[in-house]
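Note sheet for the following structure.
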Amino acid sequence: MISVVIPTYKEPDYLDLCLQSAIQNQSEQNEIIVVVDGFYEINKSILDKYKDNISVLDLGENQGLSIATNWGVYNATSDYILVVNDDNIFPKNWDTQLKQDLNPGVVLSPNQIEPNPSIFKQFIIKNFGHTPEEFNLEIFTKEEINLRQDKIEQTGSTLPFAMYREDYLAVGGWDIMYPSPHVVDWDFFLKCEYWNLKMLRTYKCNFYHFAGAATRKTPEQSLKSTKKEQDAHLFFQNKWKQPAQHNQSTNSKKLLK
């Protein structure tokens, strides 16, 4: 069994598809923990829809992605956890595919499919839809299998990621001091590298990522988001004495000084 941690905010349409795919495409019964980071009423109908197959952790009010992710892992009961965005889609037999290479000392990132070009050259660029309304789960589930490769590389360090729960706790989880969620995942992966964990990528299954929920902002929201992102990058720079960048070949966040 894998404990899946899905922090969610206020995107119920994305969460609906995420949960449907996680449940429908699993090979065995896994623990699926949805951490509601505020706005419970917005998500209530979706949570009720899948209540027999998920556990809900309601934070009561918005506390931020780092706290939501940490609380999800702290409440997980399996030895292994999988952290997934609520705008990800799970492929067929995702659990059995991941468990082939999931061991202590490993941070395992399944490859992603996105509709738009990505800074991560390992991602597959294929448009199955930019919104839940455009997306067809049946078509994705069928076609994704043909995009798989029997290959593992040391090019991890992207979401989603799976790992040994005790390793997550040992490196301290996600840093709750960041002023926004921007680059906090990169901070986490850098800690894992310094902890000498193996940062692996599997091509044996591919998760879909809409990568579009954050783009639907008003000009005022976009300006505010840009300021928060700048603050987060500055926090990273001050903490690690290096910019939040990655090696394009390996995705390593540990830059040469």
Side-chain angles (χ1 to χ4, degrees), residues 1-9 14-15 18-19 21-37 47 50 53-59 63-91 93-112 152 154 156-176 178 181 184-202 204-209 251 253:
M1 182 181 75
I2 299 175
S3 291
V4 182
V5 176
I6 307 174
T8 194
Y9 184 46
Y14 287 89
L15 179 63
C18 180
L19 292 177
S21 64
I23 296 164
Q24 180 175 308
N25 285 337
Q26 63 184 350
S27 299
E28 60 182 33
Q29 193 72 25
N30 295 283
E31 180 179 51
I32 300 175
I33 303 171
V34 180
V35 187
V36 184
D37 187 21
L47 300 173
Y50 300 103
N53 294 284
I54 65 173
S55 299
V56 177
L57 183 59
D58 181 13
L59 300 188
Q63 299 189 44
L65 180 62
S66 294
I67 289 178
T69 303
N70 287 342
W71 271 110
V73 175
Y74 299 161
N75 283 272
T77 61
S78 173
D79 289 337
Y80 292 97
I81 54 102
L82 170 65
V83 176
V84 182
N85 286 318
D86 62 1
D87 62 343
N88 271 127
I89 303 296
F90 290 69
N93 301 328
W94 57 268
D95 46 357
T96 55
Q97 295 299 321
L98 291 178
K99 285 194 296 185
Q100 295 179 40
D101 304 287
L102 196 50
N103 298 295
V106 166
V107 181
L108 183 66
S109 295
N111 202 35
Q112 283 202 140
I152 295 286
Q154 293 191 29
S157 299
T158 58
L159 282 154
F161 66 88
M163 65 189 297
Y164 193 48
R165 181 176 176 273
E166 289 188 9
D167 286 339
Y168 182 98
L169 298 175
V171 302
W174 287 35
D175 189 341
I176 65 173
Y178 271 79
V184 70
D185 53 335
W186 289 36
D187 176 280
F188 174 76
F189 292 133
L190 182 56
K191 288 194 294 184
C192 289
E193 288 191 69
Y194 277 118
W195 202 256
N196 292 320
L197 301 180
K198 293 181 180 179
M199 312 301 290
L200 301 182
R201 175 176 305 278
T202 177
K204 298 176 182 178
C205 66
N206 304 279
F207 282 60
Y208 192 69
H209 185 221
N251 291 336
K253 313 304 186 232

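Computed from a predicted structure; not experimentally measured.
Of the listed residues (Val34, Thr8, Asp58), just one forms a side chain to side chain contact (heavy atoms under 4.5 Å, CB included) with Leu47, and that residue is Val34. A side chain to side chain contact (heavy atoms under 4.5 Å, CB included) with Val36 is found for one member of Leu15, Ile6, Val56, Leu59 and no other, namely Val56.
Partners of Tyr208 under the ring-ring contact (aromatic ring centres under 6.0 Å, His included) rule, at least two apart in sequence or in another chain, are Phe128, Phe135, Phe140, Phe210. Residues that satisfy the side chain to side chain donor-acceptor pair (under 3.5 Å) test with Asp167, not counting sequence neighbours, are absent from this structure.
Around atom CH2 of Trp186, more than 12 heavy atoms belonging to other residues, nucleotides or ligands sit under 6.0 Å away. Within a 6.0 Å sphere centred on CG of Leu57, heavy atoms belonging to other residues, nucleotides or ligands number more than 12. More than 12 heavy atoms of other residues, nucleotides or ligands sit less than 6.0 Å from atom CD of Gln100.
Note that CG of Leu169 and CE of Met163 are 8.5 Å apart. Values are rounded to the nearest 0.5 Å. Residue Cys18 holds its SG atom at 6.5 Å from CG of Asn88, rounded to the nearest 0.5 Å. Summarising the geometry, atom OG belonging to Ser66 is positioned 8.0 Å from atom CD1 belonging to Ile176; distances are rounded to the nearest 0.5 Å. Between atom CG of residue Leu200 and atom CG of residue Leu108 there is a gap of 6.0 Å, rounded to the nearest 0.5 Å. Distance check: Gln112 CD to Asn206 CG gives 9.5 Å after rounding to the nearest 0.5 Å. Taken to the nearest 0.5 Å, the CG atom of Asn25 stands 10.5 Å off from the OG1 atom of Thr96.
Contact check for Tyr14 versus Tyr9: no side-chain heavy atoms found under the 4.5 Å cut-off. A heavy-atom distance below 4.5 Å is not found between the side chains of Thr69 and Asp185. Side-chain contact between Pro160 and His209 is absent, with no heavy-atom pair separated by less than 4.5 Å. Using a 4.5 Å cut-off on side-chain heavy atoms (C-beta onward), Phe90 and Leu82 make contact. Between Phe207 and Pro91, the closest side-chain pair of non-hydrogen atoms falls below 4.5 Å. Between Lys198 and Val107, every side-chain heavy-atom pair lies at or beyond the 4.5 Å cut-off. Contact check for Met1 versus Thr77: side-chain heavy atoms found under the 4.5 Å cut-off. Tyr168 has its side chain out of reach of Val5: every pair of non-hydrogen atoms, C-beta onward, lies at least 4.5 Å apart.
Pairs of residues two or more places apart, or lying in two chains, that qualify as salt bridge (charged side-chain N to carboxylate O under 4.0 Å, His left out) and include a residue from residues 22-35 are Glu28-Lys99.
Checked for salt-bridge contact, Asp101 and Lys204 meet the test: a charged N lies under 4.0 Å from a carboxylate O.
Between the side chain of Arg165 and the backbone N or O of Val73, at least one donor-acceptor pair lies under 3.5 Å. A donor-acceptor contact shorter than 3.5 Å links the side chain of Asn70 to the backbone of Trp174. A donor-acceptor contact shorter than 3.5 Å links the side chain of Asp37 to the backbone of Gln63.
Nearest heavy-atom pair, Pro110 versus Leu98, reported as atom, atom and distance to 0.1 Å: CB-CD2, 3.9 Å. The two residues Trp94 and Ser21 make their nearest non-hydrogen contact at NE1-O, 4.4 Å. Residues Pro181 and Leu65 approach most closely at CB-CD2, 3.9 Å, considering heavy atoms. The two residues Phe161 and Thr158 come nearest to each other via the heavy atoms CB-O, 4.0 Å. Taking every heavy atom of both residues into account, Asn30 and Asp95 meet most closely at ND2-OD2, 2.9 Å.
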For side-chain contact (heavy atoms from CB on, under 4.5 Å), just list the numbers for Asn93 and Cys205, CA-CA rounded to whole Å, side-chain angles, deciding distance to a tenth of an Å, and then say yes or no.
CA-CA 8 Å; Asn93 301 328; Cys205 66; over 6 Å; no
Intermediate values then yes/no, side-chain contact (heavy atoms from CB on, under 4.5 Å), Asn103 and Tyr164
CA-CA 7 Å; Asn103 298 295; Tyr164 193 48; over 6 Å; no
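There is no side-chain donor-acceptor pair under 3.5 Å between Ser157 and Asn251.
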